[in-house]
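Before any comments, here is the structure.
Positions are given from 1, in the same order as the sequence printed here.
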Amino acid sequence: MRIATIDVPKGCTKIFVDLEDGKLIVSYGSSINGKEFFCKETDHMEEVPGVGDFAILWTEPKRKFAIVAN
């Protein structure tokens, strides 16, 4: 029995399935450097920030506050 059909976004070459706090998490990425993922908010491939990278992180679920880091 098929539960759902999910389209893979353009530019994604991998599908990741994780279990966190009893929830099944499906995310997309590429095999270029292992740090890329598909961001639903921007509808683009993004890269996980590393040490020395500029990053803006928003609080969830409402975007009331931002954390800016470098």
(request) Decide whether I6 and V17 are clustered together by the hydrophobic rule: side chain heavy atoms of Ile, Leu, Val, Met, Phe, Trp, Tyr closer than 4.5 Å, transitively. (result) yes
(message) I need the minimum non-hydrogen distance between L24 and L19, along with the two atoms involved.
(response) N-CD1, 4.1 Å
(request) Could you list who else is in I3's hydrophobic cluster, with ILVMFWY side chains joined at under 4.5 Å, directly or through other members? (result) M1
Using side chain to side chain contact (heavy atoms under 4.5 Å, CB included) as the criterion, list what pairs up with [X], not counting sequence neighbours.
X: A66; answer: I56, W58
X: K23; answer: I25
X: T5; answer: R2

